[in-house]
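Just below is one structure, and these are the notes that go with it.
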Protein chains: 2
Amino acid sequence: MKPGSCHTECQQVLHLAERLCEGRGARLTPQRRQVLEILCASPKPLGAYDILDLLKQGVPAAKPPTVYRALEFLLQQGLVHRIESLNAYVGCVHPDHPHASQFLICRDCGEVRELESQSVERTLGSALRACGFKADSRVVEVTGRCLRCSEQETP
Amino acid sequence: MKPGSCHTECQQVLHLAERLCEGRGARLTPQRRQVLEILCASPKPLGAYDILDLLKQGVPAAKPPTVYRALEFLLQQGLVHRIESLNAYVGCVHPDHPHASQFLICRDCGEVRELESQSVERTLGSALRACGFKADSRVVEVTGRCLRCSEQETP
DNA sequence: AGTGTTATGTTATCACATAACATAAGCAAT
DNA sequence: ATTGCTTATGTTATGTGATAACATAACACT
Ligand SMILES: [Zn+2]
Ligand SMILES: [Zn+2]
Ligand SMILES: [Zn+2]
Ligand SMILES: [Zn+2]
């Protein structure tokens, strides 16, 4: 992640989130906004209690339900994603359209990259059709080493 | 799941597991074997504490680490899979060869079907190559309604 | 038998998530 | 403005999943 670029990216995402919620009649309250801000500012996924610790800086009375409620809202709105294999959450990088994405989780640097491969989605979709399975939600998470980390160290 | 067929299937899997472990010099101890047996006998994935309750029938002194250690071994040997989006475990239906599989989780009947679609694996593999990502493990889990459940009820 | 290794027993605790109920804030209609 | 409904938040407690740390026992190999 390029230093400096994050902050401006976060601002863009937050503005977009405001517009999206307003258009849907959904209330992006200060607390919810702060949780989204925390997630967008983090280069790595955060656990609910990590978020809680950070949120307390702005909302000292915050408790677990505070965070989980905000996450529930943000997940519904498609503004954040949950990473099942980490029990953690990331801000979505392009929340403007609904999408099923794939996550690449680097076990070395911890970074999570959100991919949106049409071919993967299509192939998975046809495999599901072949089984007669009606999918509600798809989880595709790959753990390994990102390009940068595999270039740095030899093994 | 056809009644009656499960028990014989379980036996086959258990015998296969014994052979595999023996061939690898891995020790399928009675406790580990019992955990595998519990998982194979269940048509649905089981949580670690579900397994614990069942295991206590044979090993009254069993405690959480007992189960988690057995699961760790069985996962390493490729005899069981963990379903990330359920925090639960299932016996593998064909543990004889290493594989990345896809899981179809029915939200109605709870059944989990293990798929091994070559096309999904290939497509995902090429998407990963395109990113320069070296995968260690892949998680593909789809939640929805299975064919049977979607035929039974109209919505 | 002696010794290193692997497996199990035991206790306590950590990490993640939600139930249940009370209070407050937003909002629309009178 | 007051009422009454709905949604959001506060608060306490608890449920659920997983592991740390250390002790003991079983096994394998010499
Ligand atoms: Zn996204
Ligand atoms: Zn990396
Ligand atoms: Zn399998
Ligand atoms: Zn079903």
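Keep in mind that the numbers below use all heavy atoms, side chains included, and drop hydrogens, waters and symmetry copies. Bear in mind that the values here come from a model prediction, so they are computed numbers and not experimental data. Each chain gets a letter, A, B and so on, in the order the sequences are listed, and its residues count up from 1.
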Check against side chain to side chain contact (heavy atoms under 4.5 Å, CB included), A:Glu141 and B:Glu141: CA-CA 9 Å; A:Glu141 296 173 5; B:Glu141 296 171 6; over 6 Å; no
Contact letters for nucleotides 21-30 of chain D, in which S counts primed atoms plus P, OP1 and OP2 and B counts the base, heavy atoms under 4.0 Å: BB----S---
Point-to-point distance, once rounded to the nearest 0.5 Å, from CD of A:Glu111 to CZ of A:Arg145: 14.0 Å
Any B:Glu84 side-chain heavy atom under 4.5 Å of A:Val139 side chain: no
Nearest heavy-atom neighbours spanning A:Ala62 and A:Lys56: O-CE, 3.4 Å
Protein-nucleic acid N or O pairs under 3.5 Å, nucleotides 15-17 of chain C:
{"from": "C:dA17", "atom 1": "OP1", "to": "A:Arg82", "atom 2": "NH1", "distance (Å)": "2.4"}
{"from": "C:dA17", "atom 1": "OP1", "to": "A:Arg82", "atom 2": "NH2", "distance (Å)": "2.8"}
{"from": "C:dA17", "atom 1": "OP2", "to": "A:Tyr68", "atom 2": "OH", "distance (Å)": "3.1"}
{"from": "C:dA17", "atom 1": "OP2", "to": "A:Tyr89", "atom 2": "OH", "distance (Å)": "3.3"}
{"from": "C:dA17", "atom 1": "O5'", "to": "A:Tyr68", "atom 2": "OH", "distance (Å)": "3.4"}
{"from": "C:dA17", "atom 1": "N7", "to": "A:Tyr49", "atom 2": "OH", "distance (Å)": "2.8"}
{"from": "C:dA17", "atom 1": "N6", "to": "A:Tyr49", "atom 2": "OH", "distance (Å)": "3.3"}

Shared hydrophobic cluster, A:Leu28 / A:Tyr68 (ILVMFWY, side-chain heavy atoms < 4.5 Å): yes
Within one Ile-Leu-Val-Met-Phe-Trp-Tyr cluster: A:Phe73 and A:Val80, side-chain cutoff 4.5 Å: yes
Beyond-backbone contact of A:Leu54 with A:Val35, side-chain heavy atoms, under 4.5 angstrom: no
Any residue of residues 52-63 of chain A with a heavy atom less than 4.0 Å from an atom of DNA chain C: none
Nearest-angstrom distance from the residue atom CZ of A:Phe73 to C1' of D:dT7: 11 Å
Euclidean distance, atom CD1 of residue B:Ile51 to atom P of D:dG17 [Å, nearest integer]: 11 Å
Residue pair A:Arg113 / B:Cys131, side-chain heavy-atom distance below 4.5 Å: yes
Atom of B:Phe133, atom of A:Thr143 and distance for their closest heavy-atom approach: CE2-C, 3.9 Å
Minimal non-hydrogen separation, A:Val112 against A:Phe103, with atom names: CG1-CD2, 3.8 Å
